[in-house]
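Within every chain, numbering begins at 1; the chains are lettered A, B, ... in the order of the sequence lines, protein sequences first and strands thereafter.
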Amino acid sequence: MGRYVIRRLLQMIPVFIGSTFLIFFMVYALGDPVAALFGDRAPDPATAAQIRRDLHLNDSLGEQYLIYMRNIFTGDFGTAFNGQAVTSLMGSAFPVTIRLTLVAVVFEVVIGIALGVVTGLRRGRPVDTGVLLLTLVVISVPTFVTGYVLQYIFGVRLRWTAPSVSPSAPVGELLLPGLVLALVSLAYVTRLTRTSIAENTRADYVRTAVAKGLPQRRVIVRHLLRNSLIPVVTFIGTDIGALMGGAIVTERIFNIHGVGFQLYQGILRNNAPTVVGFVTILVLVFLIANLLVDLLYAVLDPRIRYA
Amino acid sequence: MATSPDLVPTPAQTPADPLLDVRDLHVEFRTRDGVAKAVNGVNYTVHAGETLAVLGESGSGKSVTAQAIMGILDTPPGFVTRGQVLFQGRDLLTMSAEERRKVRGARIAMIFQDALSALNPVLTVGEQLGEMFRVHRGASRKEARAKAIELMDRVRIPAARDRVRDYPHQFSGGMRQRVMIAMAMALEPDLIIADEPTTALDVTVQAQVMDLLAELQREFTMGLILITHDLGVVADVADKIAVMYAGRIVETAPVHDIYRAPAHPYTRGLLRSIPRLDRKGRELYAIKGLPPSLLHIPPGCPFHPRCAQARGRELCRSDLPALLPVVGGRASACHFWKETLGDDNAAADRAGA
């Protein structure tokens, strides 16, 4: 197990280098960051030249990348377009997005698995058909549509919650955005759990559990659900990374100053340090989440052993 | 077995009352293609300390009967449409779901064919054994573990104290089946139904597992229903045999009589298809044709399309033979049982002479 973890951690190094270089290259290809910095007005040529020198923009792409990487390892992620250190932006943005993601994951787990179990045990009945149809609708409608609709209904008309989230982003205000962020994955979790449960209800060990005279509740929770959740856990684990990155749309709709908001600003201003820095951290989150899922897999299914 | 002098009847019951009395049991599966009649009027009894072997091909209804007794039929599509299952005088089929659950595992237990798939892959064997005591006896976690170790010792799993923390896949096939047996034995039930308990095992391990089962059965004077298609296993442990075909019992007999002279052509076919050392090199006998589809059971005797004796006989095609007593505590569902029995008696006499 220990060797396996070390090997996986070492595998992260090339992935990390490769992905940061790709992102760096893409942002570099976007255009001239100095022009973007000044917006519509043309900058004074001398000032522009000065900025170019400071940002090493006259060097080759490879050199710029090396300088950037060297700075990263000393903890310097560069400065954003407004002069703030990227690290301080991260410090304020990541906690907000992590909170939002956690709210979304809780929705996914609680509602998704509950619906999946109910429909899986009642295949072909009206509940099953109804939920299945609903998940199909949720999956096919884009997030920005459901986001704006729910914001209008619950935030503007019913006034159950604030339509836009305050900068401190308390959990109470993140409930609706969290639900919007979770919706599509929630539908997938429901379907995945349903299929898995339906498949396992006919398994021999479930029949054994019934033959042992266990109460139905115990058969379902301890024997059926425990086995059926293995693929679901995998999905949710990998989804955490996707949720954090995918929060861009949701964060825009509800005016949440999280990772998505900062990334959007960075792209708008061609600001390489912001974009590369944030995406690099997201890549790391994704890699670590994947590793944790694989380790959790072995805990859930003792037949899997890593060596 | 009821006549053996060493058998002490349990005080709660007189030996005359059967432990289990299945009466006119009917089970059907309502599928998209139609109604499959899996069990069509099965009757059998099992007394305490007695072993009944239920014999038949796949699809003969022997496992479905057991599932109906146990109450673990997949419903839908499976339904018990008629009959009674009297266990210690009470009909299991009319009990409430909760009453029935309390009987399952505690009073009637089941051993399944393939222990690898029948045991939960993600729980340790200790958890799965201890669960019986936790649920039925309200034992604490610690007590349950101690009981699990005790059970594993009893079925002679080496190093039980360490292995109690292992998962089913970490055991060999024979040891896994011992775990299954231990689980069935856990609450010392009155009746055990073993559904092909040795089919998935190596031949050498088969004998060990059967011996263990027979030994535990004697120790606790349990009733045992042994479902199998292996005639070799049956001869050593069973007291009586019921042969099933197309959801009906076609012959019942004390175990040794049936080997000497079967009273139903289907039983004779089964016996002839056992490989024998003294017939080495000769082609193995096989019953012609296939068992009937349960969706369309032939009219008359369901075995008539495959039966040599039925050839040219209108009666076999039109009338369903009832299971009627023949000689010496035996019963056969064949119109011409005298002929069948006579043939083999004559053959046996010739061989003996």
From the list L187(B), V103(B), L123(B), the residue making the most non-hydrogen contacts under 4.5 Å with chain A is L123(B)
When the 4.5 angstrom heavy-atom criterion is applied to E127(B) and chain A, the contacting part is both
If you tally heavy-atom pairs under 4.5 Å between each of G71(B), A184(B), G105(B), S117(B) and chain A, the highest tally belongs to S117(B)
Which of V64(B), I69(B), T65(B) passes side chain to side chain contact (heavy atoms under 4.5 Å, CB included) with V42(B)? It is T65(B)
Pair count under 4.5 Å, heavy atoms only, with chain A: among D114(B), L119(B), D74(B), highest is D74(B)
In this structure, CD1 of I149(B) is separated from CG of D162(B) (nearest 0.5 Å) by 9.0 Å
Q. Does a side chain donor of either S60(B) or E57(B) reach within less than 3.5 Å of an acceptor in the other side chain?
A. no
Quick check against the 3.5 Å criterion: does E28(B) have a side-chain atom that pairs as donor or acceptor with the backbone of T81(B)? no
Pair count under 4.5 Å, heavy atoms only, with chain A: among E98(B), Q67(B), R101(B), M180(B), highest is R101(B)
The interface call for Q113(B) against chain A, heavy-atom contacts under 4.5 Å, is neither
- Do R163(B) and V179(B) come close enough that some side-chain heavy atom pair is under 4.5 Å? no
Residue pair L263(A) / V279(A), side-chain heavy-atom distance below 4.5 Å: yes
Nearest heavy-atom approach of V27(B) to A68(B) is CG2-CB, 4.0 Å
When the 4.5 angstrom heavy-atom criterion is applied to V135(B) and chain A, the contacting part is side chain
With a 3.5 Å distance limit and no angle check, can you tell me whether Q177(B) reaches the backbone of P197(B) through a side-chain donor-acceptor pair? yes
On a heavy-atom basis, the closest approach of M185(B) and P189(B) is O-CD, 3.9 Å
So, the part of A118(B) with a heavy atom under 4.5 Å from chain A: the answer is both
Side chain to side chain, M210(B) and L226(B), heavy atoms closer than 4.5 Å
yes
Against chain B, residues from residues 213-240 of chain A with at least one heavy atom under 4.5 Å, in numeric order, are G213(A), L214(A), P215(A), R218(A), R222(A), H223(A), R226(A), N227(A), I230(A)
Counting heavy-atom pairs under 4.5 angstrom with chain A, the leader among Q128(B), K102(B), M110(B), R100(B) is Q128(B)
